[in-house]
Amino acid sequence: MTEPRTPDRSDLLARWNALLTRSRGTADGPDPEPYGAELLARWAEPQRRYHTTAHLAAVLDRLDELGAHADDPEAVLLAAWFHDAVYRPDRSENEERSAALAERALPEAGVSAARTAEVARLVRLTATHDPEPGDRNGETLCDADLAVLAGNPQEYAAYAAAVREEYGFLPDEVFLPGRAGVLRSLLALPGLFRTEHGRRHWEHHARRNLTTELELLSA
């Protein structure tokens, strides 16, 4: 389950254009491409090491696997595009600001108020990755976002290293205890994944990776 290192920008833009056209239910409306181009520019900002276009592409690919689980696959896909559109590792309000961006951009792009509200709700949900039981859209997005935890050891090591680079402004004595706390809180959850596919294919590998990283941090 490898996150692509250099996803093709034109392919991502084509996926966005098709998604936005489907999401508004008509070919009429503003040209979708400028909206996609702005989002891709955000995902390519220089402060990012993990939350990049590679992560976006990986989440979209995981959603292709999980799409049948969602009640509104288009809303979930739109939420994937927006969920880290605003990202500063030194700030805590990234999800809120990303949701607010969706609330501004999507109505202008021709998406209905109801779907826009669902997209914004899903983006905010990625702050906790804790959807309510029966929230099939939330379960789908959160599982796709956390699927990176279930990579093979090399993939997981690359993910962990990229996260450390994003927090390079923090010294080890601050970062390492904080990261260990995050890992412990994830391992304490009764289940990391809520979809049947996630539980079957990703849960075991993710817990193994999290446990290994925690052991290394504690060594």
Of all heavy-atom pairs between [X] and [Y], which one has the smallest distance, and what is that distance?
X: Ala150; Y: His205; result: O-CB, 3.7 Å
X: Leu60; Y: Arg15; result: CB-NH2, 3.3 Å
X: Glu166; Y: Arg48; result: OE2-CA, 3.6 Å
X: Leu101; Y: Ala85; result: CD2-CB, 3.8 Å
X: Leu122; Y: Ala75; result: CD1-O, 4.0 Å
X: Pro131; Y: Leu125; result: CB-CD2, 3.8 Å

Hey, is the main chain of [Y] close enough, under 3.5 Å, to the side chain of [X] for a donor-acceptor pair?
X: Thr195; Y: Thr140; answer: no
X: Trp43; Y: Phe82; answer: no
X: His83; Y: Ala80; answer: yes
X: Asn137; Y: Ala70; answer: no
X: Arg24; Y: Ala109; answer: yes
X: Asn209; Y: Gly151; answer: yes
X: Asp135; Y: Gly138; answer: yes
X: Gln47; Y: Pro89; answer: no
X: Thr52; Y: Arg49; answer: no

Quick one: does [X]'s side chain get under 4.5 Å of [Y]'s, heavy atoms only?
X: Leu210; Y: Leu192; result: yes
X: Pro34; Y: Asp31; result: yes
X: Val123; Y: Arg97; result: no
X: Leu56; Y: Val59; result: no
X: Glu139; Y: His69; result: yes
X: Arg179; Y: Val163; result: yes
X: Trp16; Y: Leu78; result: yes

Indicate whether any N or O donor in one side chain lies under 3.5 Å from an N or O acceptor in the other, for Tyr156 and Glu213.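 Per modelled atom types, Tyr156 and Glu213 side chains form a pair under 3.5 Å.
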What verdict does the side-chain hydrogen bond (donor to acceptor under 3.5 Å, both in side chains) test give for Thr126 and Asp145, after you've listed the backbone C-alpha separation in whole Å, the side-chain angles of each residue and the deciding distance to 0.1 Å? CA-CA 8 Å; Thr126 62; Asp145 196 27; 5.2 Å; no
Show your reasoning for whether side-chain hydrogen bond (donor to acceptor under 3.5 Å, both in side chains) applies to Glu108 and Tyr35. CA-CA 10 Å; Glu108 181 182 300; Tyr35 297 92; 2.9 Å; yes
Would you call the rings of His55 and His51 parallel, tilted or perpendicular if under 30° counts as parallel and over 60° as perpendicular?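 His55 and His51: perpendicular rings.
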Take the angle between the ring planes of Trp202 and Phe193 and call it parallel below 30°, perpendicular above 60°, tilted in between.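 Rings of Trp202 and Phe193: perpendicular, over 60°.
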Can you tell whether the side chains of [X] and [Y] come within less than 4.0 Å, N to carboxylate O?
X: Arg62; Y: Glu65; result: yes
X: Glu103; Y: Arg124; result: yes
X: Arg194; Y: Asp130; result: yes
X: Arg115; Y: Asp72; result: yes

Near Glu173 CD, under 6.0 Å, is it more than 12 heavy atoms from other residues, nucleotides or ligands?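 Yes - once you tally the heavy atoms of other residues, nucleotides and ligands closer than 6.0 Å, there are more than 12.
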Whether over 12 other heavy atoms sit under 6.0 Å from Glu45 CD: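 Yes.
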